[in-house]
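Given the structure is predicted, the values throughout are model-derived calculations rather than measurements.
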Amino acid sequence: MKDKNKLIITIVAITLAAIVIVGATYAYWSWTTATNQQTNVTFRVTSDFSCGADGGGNITSQQKTLAPTTCTNPNFAFQKPIVVKPTINANGKTIYMDLYLKVNSIGTYLSQSQYFKYALTTDSQSCTNGLVSSGTFQGATTNTEIRLLHNKSYSATTNDPYYLYIWLDKDETNNNTQNQPFDISLTGTCTDEAPTTFTGTIYRYSNTGVSIGQRIVLQQKQEWCANSTEFGNSCDFGYFWDTESECEAYVANQNMENTTCGEGTVQPISYETNASNLNKTFYLKHTIVDDIVTESYVEFVVTPEMAGANSGMTAGTYYLKGGDNGAAYTTNKATLTTAFGSSNCTDNSSDFVCIVSGLSAGANTSGHVGAYDGAGAYCSVINDGDSNCRG
């Protein structure tokens, strides 16, 4: 798009249903609810607790334009306060809330665009500072639900403020996104049943690939999976979703033919919480937050016997961080030098490799790390964050 001004569309306010937090087309935008409900959305009410959210106030008769821009542009992007409102009526009660954007409708070209974006933050002036969740509407269809908060816990009545940003990113160059409709509402769920997700550190030695950012299962559970006549059940390959709409959005985004979404059994990965139980000289270490892999390492052990047989080596347990685009490269080099001794290491222009009989380990500037035994067995985290072990 050579002239981005061509994509500017005037937006005037209309009235939407009571639960709609954001509802619009490129021609219309408003945030109006019934007077008696204001902007409150109630997800669940029991005698012990209730939970809901407030869209931040009514917007009526306000003219606005939508065009490729940054998320904080006051004229061309939308920034809306959201207040999450749990109410706890019983002492000692803890509830867990999920908050979603529900896509009631969206134009084909907007759904195909990677530049129609959202972000939820705790900063009223930034869509990156205090980031809670972010992404695009690419692949979204009618009834797609996009999760903003996941298992957010509350143990007392409170008003919890956030800021929602929705914008067409400045990198959009496709004129077909012009005049595309969309209608998005706020919804959610809450429960007093504690989530079964895991947060902590796990260790594994397996040829099963695990990627940074991937949601893993440590206990068998039922999830939504994509069932393909060509590739089988996606639950078997580590692809699964909490809701049917999330699965369907993925299928649509990937243009997966002859594929339907259904509930399936997800088998847990093999892991230990105590590395010594693996009985390996090297293995993988993962930091897990709510079942999401956030960091991956190759950990290796220099035994006293190995240190005694190789001048310069220091006995101990060491780890190399991978899958971070090389951010830890300098630290990884220092770790390798301490473990192996500089005399056993080679410093090349883009990688650092250390070798002794029975063990070698290395790191490169792109974020790839690994350890090897010289007989074909290895563990590695490659630069894109995928990790596994062989042999």
A side-chain contact here means heavy atoms from C-beta on lying under 4.5 Å apart; do Asp324 and Asn383 qualify?
no
Hey, what do you get for CD (Gln214) to OG1 (Thr294), rounding to the nearest 0.5 Å?
13.0 Å
Heavy atoms from other residues, nucleotides or ligands near OH of Tyr318 exceed 12 (cutoff 6.0 Å)
yes
Got a donor-acceptor contact below 3.5 angstrom from the Ser50 side chain to the Val45 backbone?
no
Should Leu101 and Val84 be regarded as members of a common hydrophobic cluster, given that ILVMFWY residues are connected when their side-chain heavy atoms come within less than 4.5 Å of each other, either directly or indirectly?
yes
Rounded distance (nearest 0.5 Å) linking atom OG1 of Thr144 with atom CD of Glu244
10.5 Å
CG on Asn388 to OG1 on Thr208, rounded to 0.5 Å:
8.5 Å
Between Leu120 and Leu149, is there a side-chain heavy-atom distance shorter than 4.5 Å?
yes
Under a 4.5 Å cut-off applied to non-hydrogen side-chain atoms, are Phe240 and Val217 in contact?
yes
Mark yes or no for whether Tyr165, through its side chain, and Ser126, through its backbone, hold a donor-acceptor pair below 3.5 Å.
yes
Does Asn310 use its side chain to pair, donor to acceptor, with the backbone of Met306 at less than 3.5 Å?
yes
Apply side chain to side chain donor-acceptor pair (under 3.5 Å) to Tyr329 and Asn364, showing your working.
CA-CA 7 Å; Tyr329 181 61; Asn364 68 27; over 6 Å; no
Check: Thr259 side chain, Glu257 main-chain N or O, donor-acceptor pair, under 3.5 Å:
yes
Strictly under 6.0 Å, is that where the ring centroids of Trp241 and Tyr250 end up?
yes
Would you tell me whether Cys71 and Cys127 have their SG atoms within less than 2.5 Å of each other?
yes
Should Leu99 and Ile88 be counted in the same cluster of Ile, Leu, Val, Met, Phe, Trp and Tyr side chains packed under 4.5 Å apart?
yes
Is there side-chain contact between Tyr96 and Thr189, with at least one heavy-atom pair below 4.5 Å?
no
All heavy atoms of Asn143 vs all of Lys102, minimum pair found to be OD1-CE, 3.4 Å
Are Phe352 and Val356 linked, directly or through intermediate hydrophobic residues, by side-chain heavy-atom contacts shorter than 4.5 Å (ILVMFWY only)?
yes
For Cys235 and Thr265, the nearest pair of non-hydrogen atoms, with its separation, is CB-O, 3.8 Å
Does Asn91, at its CG atom, have more than 12 non-hydrogen atoms belonging to other residues, nucleotides or ligands within less than 6.0 Å?
no
Pair Tyr118 and Phe137, ring centroids less than 6.0 Å apart:
yes
Show, in sequence, the C-alpha distance, side-chain angles and deciding distance for Cys345 and Cys354, and conclude whether the disulfide bond (SG atoms under 2.5 Å apart) test is met.
CA-CA 4 Å; Cys345 299; Cys354 303; 2.0 Å; yes
Would you call Glu223 and Arg215 a salt bridge, using N to O less than 4.0 angstrom?
yes
With hydrophobic residues grouped by side-chain heavy-atom distances under 4.5 Å, do Ile106 and Tyr109 end up in a single group?
no
Looking at every heavy atom in both Thr94 and Ser155, which two are closest together, and how far apart are they?
OG1-OG, 2.9 Å
As a quick check of understanding, evaluate side chain to side chain donor-acceptor pair (under 3.5 Å) for Thr201 and Thr287, giving each step before the final call.
CA-CA 5 Å; Thr201 301; Thr287 301; 4.8 Å; no
Please report the C-alpha distance between Ile166 and Lys117 in whole Å, then the side-chain angles of each, then the deciding distance to 0.1 Å, and finally whether the side-chain contact (heavy atoms from CB on, under 4.5 Å) criterion is met.
CA-CA 6 Å; Ile166 295 179; Lys117 298 182 176 183; over 6 Å; no
Any side-chain to backbone donor/acceptor pair from Asp373 onto Ala375? Under 3.5 Å, distance only.
yes
Would the SG atoms of Cys389 and Cys379 measure under 2.5 Å apart?
yes
How many angstroms lie between atom SG of Cys190 and atom CG of Asp98, to the nearest 0.5 angstrom?
9.5 Å
May I have the step-by-step check of ring pair (Phe, Tyr, Trp, His ring centres under 6.0 Å) for Trp167 and Phe78, ending in yes or no?
CA-CA 6 Å; Trp167 75 103; Phe78 299 95; over 10 Å; no
Crowded around Phe198 CZ? As in, over 12 foreign heavy atoms under 6.0 Å?
yes
Quick one, Leu359 with Tyr372, criterion side-chain contact (heavy atoms from CB on, under 4.5 Å). Give me CA distance, side-chain angles, the key distance, then yes/no.
CA-CA 6 Å; Leu359 179 66; Tyr372 315 85; over 6 Å; no
Under 3.5 Å, is there a donor-acceptor pair between the side chain of Asn344 and the main chain of Ser311?
yes
Could you tell me whether Lys321 and Glu295 make a salt bridge, using a distance below 4.0 angstrom between a side-chain N and a carboxylate O?
yes
Would you indicate whether Asn279, at its atom CG, is surrounded by more than 12 heavy atoms from other residues, nucleotides or ligands within a distance under 6.0 Å?
no
Which of Gln112, Glu248, Gln138 passes side chain to side chain contact (heavy atoms under 4.5 Å, CB included) with Asn253? Answer is Gln138
OG-CG distance between Ser366 and Asn325, expressed to the nearest 0.5 angstrom
8.0 Å
Would you sort out whether Tyr100 and Ile146 count as a side-chain contact (heavy atoms from CB on, under 4.5 Å), showing the intermediate values?
CA-CA 5 Å; Tyr100 297 90; Ile146 297 172; over 6 Å; no
Give me the ring orientation class for Tyr319 and Tyr297: parallel if the planes are under 30° apart, tilted from 30 to 60°, perpendicular past 60°.
perpendicular
Report the C-alpha distance between Ser113 and Glu172 in whole Å, list the side-chain angles of each, state the deciding distance to 0.1 Å, and finish with yes or no for side chain to side chain donor-acceptor pair (under 3.5 Å).
CA-CA 8 Å; Ser113 174; Glu172 178 62 86; 2.5 Å; yes
How close do Asn73 and Gln79 get, heavy atom to heavy atom, and via which atoms?
O-NE2, 3.2 Å
Apply side-chain contact (heavy atoms from CB on, under 4.5 Å) to the pair Ser296 and His286, showing each step before the final yes or no.
CA-CA 5 Å; Ser296 291; His286 302 291; 2.9 Å; yes
Do Ile269 and Leu284 land in one hydrophobic cluster if side-chain heavy atoms of ILVMFWY residues count as linked below 4.5 Å?
no
In sequence, state the C-alpha distance, the side-chain angles, and the governing distance for Thr121 and Asp123, and then conclude on side chain to side chain donor-acceptor pair (under 3.5 Å).
CA-CA 5 Å; Thr121 78; Asp123 191 328; 5.8 Å; no
Ile216 side chain reached by Ile288 side chain, heavy atoms, under 4.5 Å
yes
Determine whether the aromatic ring centres of Phe300 and Phe340 lie less than 6.0 Å apart.
yes
Using modelled atom types only, decide if a donor and an acceptor are shared between the side chain of Ser380 and the backbone of Gly370 within a distance under 3.5 Å.
no
Between Leu336 and Gly362, what is the shortest heavy-atom contact and its length?
CD1-CA, 3.9 Å
Between Asp48 and Lys93 (salt bridge meaning N to carboxylate O under 4.0 Å), is one present in this structure?
yes
If you compare all heavy atoms of Val103 against all heavy atoms of Ala140, which two are closest, and at what distance to 0.1 Å?
CG2-CB, 4.1 Å
Geometric cation-pi criterion, Lys285 with Tyr203: 6.0 Å, 45°:
no
Side chains of Tyr154 and Asp160: is there a donor and an acceptor less than 3.5 Å apart?
yes
